[in-house]
Amino acid sequence: MRVLRYVGKRLIFIVPQLFGIILVSFFLVKLIPGDPAVLMLGPFATEEQLEKLRAGMGLQGTVLDQFWIYLTNLVQGDLGTSWQTTQPVLLDLFQRFPATLELITLALLLALVIGIPLGVAAAYFKRSIIKKFSDYYGLLAGALPDFWLGLVLIFFFYTMLDWVPAPLGRLDIALIPPPTVTNFLLIDSVIAGDWQALWSALGRLILPVVTLGVINAGPILKMTQSTMERMLESDFIRYAETCGLPRSVVIRRALRNSLPSIVTIISVLYGFLIGGAVLVEIVFSWGGAGQYAVQGVLNADINPVLGFVLFSAIFSLVIYLIVDLIYFAIDPRIRS
Amino acid sequence: MNPQPAQSEALRGGEQPVSAGQVLRIHGLSVSYPVYGQEPVKAIRDLDLGVRPGEILGLVGESGSGKTTLARAIMGLLARPGRIDGGAVNFDGRDMRALSEEALRAIRGRDIAMIIPNPRGELDPLLTVGRQIAAVARAHLNITRAKAEELALEMLRAVQIPDPKRRFNAYPHELSGGMAQRVVIAMSLVCSPKFIISDDATSGLDVTVQAQVLDLLRALVRDKRTAMMFITRDIGITAHFCDRVAVIYAGEIVELAPTGRFFENPMHPYSVMLLAAFAHNPKLREKWHKPLASLIRSQGKACEYATRCVHVEPQCNATHPELRELEPGHFVRCFVPVLRPA
C-alpha cells in the first residue's frame with residue numbers, strides 16, 4: 001500500500017518535472033543561432049516567403065509566444081515536424097528511440113555480465129590476479145573512447161576477419177524489414193516469425209553492443225568492487241564469517257547489501273547512454289535517437305531536439321522510479 | 001573427555017593456566033602486527049591459557065591490551081596484517097593452526113561461537129533475524145530450512161525474547177539494542193557450541209539490560225556445560241559472572257586466579273589499579289594519560305607494566321617477570337606483588 005501511494009505521488013510529480021525540463025531546454029535551444037526558415041528555403045527566398053514559413057512553423061513573435069505555441073501543440077500530442085525529415089517528430093522518434101533503446105539495453109546487459117562478477121571477484125580475492133586485471137580494466141575502460149573501440153572492432157572483425165556484417169545500420173539492406181509493431185527490430189522480427197531478419201539484426205547488434213558494453217562495464221565494475229569491498233569489511237559480514245557461514249552465503253549477503261549502489265550506477269548509465277551512445281551510433285550508422293538529436297542541433301532543427309529531450313526525460317524519470325521501487329524491494333529500512 | 005579431574009583440581013584451587021581436561025588450550029601463543037618501517041607490534045606474547053567445559057573465564061584488559069586479537073586468533077580470523085608468530089591453539093583435541101580454511105569454517109559458529117558488541121551492526125540489515133539464525137543452523141547442522149527455522153524460533157524463545165513469533169520476522173533495525181543482543185546470543189547458541197567467546201558483548205547495553213542478558217547467558221551456558229571466555233573491560237562484571245579471572249596487559253597475562261581469590265587479594269599492581277577506581281586518585285592517574293598503544297614497549301627486557309607502575313623497582317626495568325604461582329591456582333607476573341598482610 002505504501003508503495004502504491006509512493007508511486008502515485010511520484011507519477012504526479014512527473015508532470016511538473018517535465019514542464020521544468022521543457023522550459024529550460026526550450027530557451028537553451030533558442031539560444032543556438034541559425035534560422036531554419038533561411039536554411040530550408042535557401043539563399044534566394046524572399047522575405048515574404050520566409051515570414052510565411054516562420055508563421056507555419058510557429059516561429060513568429062517573441063520567444064515566449066513561441067514557447068506557448070509549442071506547449072499547446074505538445075498537450076495535443078504534437079511535437080512539431082522536423083524540416084530535415086519532413087516528418088512529424090513524434091513519428092521520427094518512435095522509429096529511432098527503439099533503435100537506441102535496443103542497442104543500449106543489450107549493451108548494459110553485457111556490461112552487467114562483465115562488471116558485476118568481475119567486481120565481486122576483485123573485491124573478494126584482494127590479492128589475486130583478478131584484482132589486478134579488474135584494476136587495469138577499469139582504467140582502460142575509463143580512458144578509451146567508445147567510438148574508437150568501435151572503429152578498432154570494425155577493423156578487426158569486419159575488415160580483416162569478416163566475421164560480422166558491415167557496420168551499416170540495423171538490418172541488411174537487401175532484406176525487407178518485418179512489419180512495424182514496436183520498432184524494436186528483434187521483437188518485431190520474432191512477432192513476424194521472420195528468422196532471417198532476426199538473424200541479420202542480431203549480427204549487426206554484436207559489434208556496437210560489445211563496444212558499448214565493454215566500455216560501460218568499467219563504471220559498473222568499479223562501483224561493484226568498491227561497494228563490495230566496503231561491505232566485506234563491514235561488521236555484519238565479519239560476523240557472518242565468525243558464524244562460519246559458507247563462502248557463497250557470505251558473498252551473496254555482501255552483494256545484496258551492495259545492490260543499491262550498483263542499481264544506482266546502472267540507472268545513471270542507462271539515462272546517460274540514450275544520448276551518450278551517439279558517437280557509436282554514428283560509427284555504426286545506427287540511425288538512433290542520439291544521431292537524430294545531434295543532426296537537429298547542427299541544422300537548427302529545433303523540434304527534433306526538444307522531442308529528444310522530452311523522450312529522454314520521460315525515460316530517465318521512469319528509470320529512476322523503477323530504481324526507487326527496487327530500493328523498496330531490497331531494503332526493509334526504507335519500507336518501514 | 002572427562003572433566004572430572006579438572007574440576008576437582010579447580011576446587012582445590014590449583015588449576016594451572018593450561019591443563020588437561022580443558023576444551024581450549026592455548027600454549028605460548030604470540031601474535032604480531034607488522035608496522036611499516038618499525039619493529040612489529042607484539043599484540044600477544046607467549047600466552048598460556050585454557051578453559052574447562054562449563055567454566056566461564058573472565059579476560060579483563062583495557063583497549064589495546066590484545067583481548068580481541070586473542071579472540072580472533074583463536075578462531076583463525078586474525079585481521080590483516082596480523083599474524084601468528086608461534087604457539088599452539090588446541091581446541092577439543094584439534095590443532096586449530098593446522099586446519100584448513102574450510103575446516104575452520106565448519107568449526108566457527110558450530111563448535112566455537114562468538115558474541116560481539118554492537119549487536120545491531122553485527123546483523124545483516126536486509127534479512128529478518130529469524131532467517132539469520134536459521135542460516136547459521138543450516139550451515140552447520142545439515143537440516144532442512146523448515147527444521148532450521150523451527151530451531152531458530154526455539155532459540156528466540158530460549159533467549160526470552162518477548163513475542164518470539166513476531167520477532168522472528170523482524171529486521172535488525174526494528175529491534176532495541178538489548179533485543180538484538182539476545183538475537184546474537186541465540187545465533188551463537190543455535191548449534192550448541194562447546195566454547196563461546198563473548199567479546200565485550202554487553203558493553204553497549206543499559207546496566208539493567210546488561211544484568212538480564214548476563215544472567216540469561218550464564219544460565220544457558222551452565223545448562224549445556226559450555227565453556228566460555230568472557231572478554232570485558234569492566235572488571236566489576238567478572239566478580240559475579242566468572243569462575244576464574246585473567247588480567248591481560250600488553251598482550252600478556254599478568255594475573256590469573258579463581259574469582260574468589262582474585263577479589264580477595266589481587267596481587268598484580270595493575271589489577272589493584274583496575275579495582276581501585278584509579279580515576280579518583282590523581283597520583284595514580286598521572287601515568288594514565290597516554291594510551292597503551294603509545295607507550296614504549298620493552299621488547300621482553302623489562303616488565304611491560306613498569307612504565308605505569310607505582311611500585312617500580314630496579315629489577316622491574318632490567319628483567320622481564322615470569323608468571324609465578326603465588327598461591328594454589330593464583331598466578332601473578334610481578335616481582336613485587338601486592339600481598340595482603342597475613
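Only the side chain of B:Glu101 comes within contact range of chain A, with at least one heavy atom under 4.5 Å from a heavy atom of that chain. For A:Ile237, no part sits under 4.5 Å from any heavy atom of chain B, backbone or side chain. Proximity to chain A is limited to the side chain of B:Leu127, based on heavy atoms less than 4.5 angstrom apart. Using a 4.5 Å cut-off between heavy atoms, B:Ala135 touches chain A through backbone and side chain atoms alike. Looking at B:Val190, there are no atoms closer than 4.5 Å to chain A (heavy atoms on both sides), in backbone or side chain. Only the side chain of B:Leu77 comes within less than 4.5 Å of a heavy atom in chain A; its backbone stays farther off.
Within a 6.0 Å radius of CG in B:Asn142, no more than 12 heavy atoms belonging to other residues, nucleotides or ligands are found. Around the CZ atom of A:Arg10, the shell of radius 6.0 Å holds more than 12 heavy atoms that belong to other residues, nucleotides or ligands. The local environment of CZ in B:Arg94 is crowded, with over 12 non-hydrogen atoms from other residues, nucleotides or ligands closer than 6.0 Å.
The minimum heavy-atom distance between B:Gly121 and A:Asp235, with the atom names listed, is O-CB, 3.4 Å. When every heavy atom of A:Gly244 is checked against every heavy atom of B:Ala139, the shortest pair comes out as O-CB, 4.4 Å.
You'll find the side chain of B:Leu126 reaches within 4.5 Å of the side chain of A:Arg333, heavy atoms only. By the 4.5 Å heavy-atom criterion applied to side chains, B:Arg72 and A:Arg238 are counted as neighbours.
A distance of 10.0 Å separates CZ in A:Phe236 from CG in B:Leu123, rounded to the nearest 0.5 Å.
For the set B:Val136, B:Asp124, B:Thr128, the entry with the most heavy-atom pairs within less than 4.5 Å of chain A is B:Asp124.
Ion pair A:Glu241/B:Arg105 flagged as a salt bridge, since at least one NZ, NE, NH1 or NH2 atom sits closer than 4.0 Å to an Asp/Glu carboxylate oxygen.
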Check step by step if side-chain contact (heavy atoms from CB on, under 4.5 Å) holds for B:Arg108 and A:Cys243.
-> CA-CA 5 Å; B:Arg108 287 180 207 134; A:Cys243 291; over 6 Å; no

Report the C-alpha distance between A:Thr242 and B:Met75 in whole Å, list the side-chain angles of each, state the deciding distance to 0.1 Å, and finish with yes or no for side-chain contact (heavy atoms from CB on, under 4.5 Å).
-> CA-CA 8 Å; A:Thr242 316; B:Met75 302 195 79; 3.7 Å; yes

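Here the side chain of B:His140 pairs no donor or acceptor atom with the backbone of A:Leu245 at under 3.5 angstrom. A:Tyr239 places no side-chain N or O within donor-acceptor distance of the main-chain N or O of B:Ile115, the cut-off being under 3.5 Å.
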